[in-house]
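Data first, discussion second: the structure below is written as structure tokens.
Every number for a ligand or one of its atoms is a count from 1 in the order of the listing.
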Amino acid sequence: MNRKKIAVIFGTRPEAIKMAPVIKELEKHTDQFETQVIVTAQHREMLDQVLKVFDIHPHYDLNVMERNQTLSDITMKVLKGLENIFIEDKPDMVLVHGDTTTSFAAALAAYYQQIPIGHVEAGLRTYDKYFPFPEEANRQLIDNLADLFFVPTELTKQNLIKENKPENQIFVTGNTAIDAIAFTRKLEMEHPVLDKMTSDKKWILLTMHRRENQGEPMKQVFQAVKQIVEEHPEVAIIMPVHLSPSVQASVKEMLNGHDRILLTQPLEVDVFHKVISKAHIVLTDSGGLQEEAPAFDIPVLVLRDKTERPEGLEAGTLKVIGSDKNSVYRAVDELLTEQETYNGMALAENPYGDGTASKEIVVKINKFFSKK
Ligand code: UD1
Ligand code: UDP
């Protein structure tokens with residue numbers, strides 16, 4: 001087999017974290033693959049933080065981010081920017097991840113050049129195109145263009161089979177988020193935030209950023225959080241605040257200035273993983289955190305009405321609690337006061353694999369080319 005050129009494309013923080021282990025694995029096989037890293041920089045600072053931790057140096061950087069960018073802005077710039085690169089460089093395969101607008105536009109650009117597409121973290125679904133928005137549509141669109149489907153679990157495989165995707169091109173690999181944790185666990189680190197998370201407090205790690213939660217739902221959650229802190233002197237909150245201007249504005253209006261609410265900049269992923277491990281509860285609308293926190297035996301309360309990660313619900317590691325002030329308050333209060341409920345969630349088994357997903361993915365890519 002000739003050496004194949006694999007273009008790995010991503011643009012946001014979570015894609016970077018979950019693609020980094022795949023890049024590292026591809027780079028171990030220089031006899032078979034030439035790995036080309038292309039970043040769109042849909043995120044700028046939050047992407048660069050990840051590149052630094054994993055020591056990844058992109059071959060191309062489209063640098064598309066603008067403050068308050070619209071979905072169309074991102075789509076158009078990525079589509080056009082990648083067209084030029086694909087025509088010039090002719091990769092043999094494009095790898096995209098998950099459900100961001102970068103990933104959808106990259107898959108479309110690859111399809112237009114008739115380049116095979118591998119979709120990492122394929123098959124997740126809520127089947128409601130506005131929850132989460134626009135990610136549910138993005139991932140369904142990507143799966144309609146993809147050639148290889150790397151799914152994290154058996155359940156996600158079944159979603160694709162129901163949609164008549166070819167079963168022999170669907171591979172259950174586990175989630176590469178767990179591979180990323182295996183990498184960051186080995187790193188030595190110091191950070192003032194870790195020093196501030198003293199063990200005399202029960203720390204609740206809070207993150208929120210989803211478009212459908214911005215504005216009123218986010219404010220309801222913040223009211224509940226303030227009530228919890230006021231009624232539970234043993235509790236402290238840590239919230240690394242997403243750089244989205246809408247999130248920044250709501251946090252500034254509602255959470256500033258409380259001595260047991262620690263607001264920070266987005267943290268480097270190695271430090272952030274350590275923060276998860278020191279938390280008592282994770283309260284989040286993030287996708288990635290629903291997979292990561294159970295790997296540290298930390299219960300996750302999901303600030304959404306629906307999740308595309310039902311495996312976590314089934315295993316008992318997650319609870320979907322929405323964003324209504326009263327339901328958020330009740331769910332957090334229950335975990336703080338009911339030890340049995342807490343233990344049931346904390347000790348449930350993480351359904352997202354054992355940290356070998358990237359290895360599996362690279363084996364399957366190799367097989368795809370050897371069959372040709
Ligand atoms: C995007 C993804 C979402 C993913 C999230 C991870 C889409 C449509 N959404 O949402 O699926 O869960 O990333 O965080 O693809 N900003 C900065 N610096 C940064 C990053 C963001 O200033 O490093 C600000 C910019 O003003 C930008 C805004 O945040 O306009 C929103 O970024 P965007 O990528 O459009 O949406 P996210 O909410 O981050
Ligand atoms: N993360 C990080 N620093 C932070 C907050 C989160 O490195 O300050 C990591 C986290 O470990 C997870 C990913 O970012 O891997 C989740 O990203 P985000 O919540 O922005 O997006 P989502 O997972 O919802 O798509």
Side-chain angles (χ1 to χ4, degrees), residues 10-21 39-54 63-75 77-78 96-106 121 124 132-139 141-142 175-181 183-184 191 193 205-214 218 238-249 262-277 279 282-293 295-296 298 300 302-304 307-309 352:
F10 51 94
T12 67
R13 170 173 68 190
E15 291 163 79
I17 293 167
K18 293 172 176 182
M19 281 301 220
V39 298
T40 66
Q42 174 178 334
H43 286 172
R44 184 72 274 170
E45 300 87 342
M46 286 159 56
L47 172 74
D48 291 343
Q49 281 185 317
V50 182
L51 296 176
K52 193 161 168 236
V53 170
F54 286 93
N63 200 23
V64 305
M65 196 193 87
E66 277 175 64
R67 198 175 148 80
N68 285 322
Q69 62 207 356
T70 68
L71 298 173
S72 308
D73 292 334
I74 305 167
T75 308
K77 286 197 227 168
V78 171
V96 298
H97 182 275
D99 53 21
T100 68
T101 293
T102 281
S103 305
F104 163 59
E121 203 183 85
L124 276 67
F133 172 81
E135 291 81 7
E136 177 65 15
N138 283 344
R139 57 195 170 215
L141 291 163
I142 297 168
N175 196 302
T176 59
I178 309 302
D179 308 22
I181 290 172
F183 179 91
T184 61
H191 196 284
V193 160
L205 168 58
L206 170 64
T207 82
M208 254 188 124
H209 71 84
R210 304 228 80 81
R211 282 169 195 253
E212 64 273 14
N213 269 337
Q214 290 175 8
M218 205 167 278
I238 171 163
M239 180 179 197
V241 186
H242 195 284
L243 295 180
S244 155
S246 160
V247 178
Q248 296 266 329
L262 174 58
L263 302 174
T264 77
Q265 292 292 315
L267 297 168
E268 294 79 10
V269 60
D270 52 344
V271 176
F272 187 77
H273 283 163
K274 195 82 191 166
V275 167
I276 301 178
S277 73
V282 169
L283 187 58
T284 190
D285 66 2
S286 162
L289 266 143
Q290 294 177 55
E291 297 144 357
E292 292 171 335
F296 295 98
I298 312 298
V300 184
V302 184
L303 298 163
R304 305 191 195 180
T307 181
E308 58 289 270
R309 291 163 170 90
Y352 292 109

Salt bridge flag under 4.0 Å for residues Arg304 and Glu212: no

Aromatic ring pairing Phe296/His273, orientation class (parallel under 30°, perpendicular over 60°, tilted between): tilted

Protein contact to atom 25 (O) of ligand 2 [nearest heavy atom, distance to 0.1 Å]: Pro14 CG, 3.4 Å

Closest protein heavy atom (residue, atom, distance) for atom 14 (O) of ligand 2: Arg13 NE, 3.2 Å

Ligand 1 versus Pro14: contacting region, heavy-atom distance under 4.0 Å: side chain

Distance-only N or O hit between ligand 2 and Pro266, under 3.5 Å: no

Min heavy-atom dist Ile74 to ligand 1 below 4.0 Å: yes

Salt-bridge criterion met for Glu292 and Arg309 (N-O under 4.0 Å): no

Atom of Ile17, atom of Ala180 and distance for their closest heavy-atom approach: O-CB, 3.6 Å

Atom indices of ligand 2 within 4.0 angstrom of Gly287 heavy atoms, with elements: 22 (P), 23 (O), 24 (O)

Pro240 neighbourhood, listing ligand 2 atoms whose heavy-atom distance to it stays under 4.0 Å: 8 (O)

For Val269, the ligand 2 atoms whose distance to one of its heavy atoms is below 4.0 Å: 7 (O)

Glu135 and ligand 1 - part of the residue with a heavy-atom distance under 4.0 Å: side chain

Ligand 2 contacted by Thr207 (non-hydrogen, < 4.0 Å): no

Any His273 heavy atom less than 4.0 Å from ligand 2: yes

Short N or O distance, Leu267 and ligand 2, threshold 3.5 Å exclusive: yes

Ligand 2 N/O within reach of His242 N/O, cut-off under 3.5 Å: no

Per-atom contacts of ligand 1 with Met46, taking only distances under 4.0 Å to non-hydrogen atoms: 19 (C), 20 (C), 23 (O)

Residue-ligand contact Met46/ligand 2, heavy atom below 4.0 Å: no

Salt bridge flag under 4.0 Å for residues Asp48 and Arg44: yes

Top protein contact for atom 13 (C) of ligand 2, by heavy-atom distance: Ile17 CD1, 3.8 Å

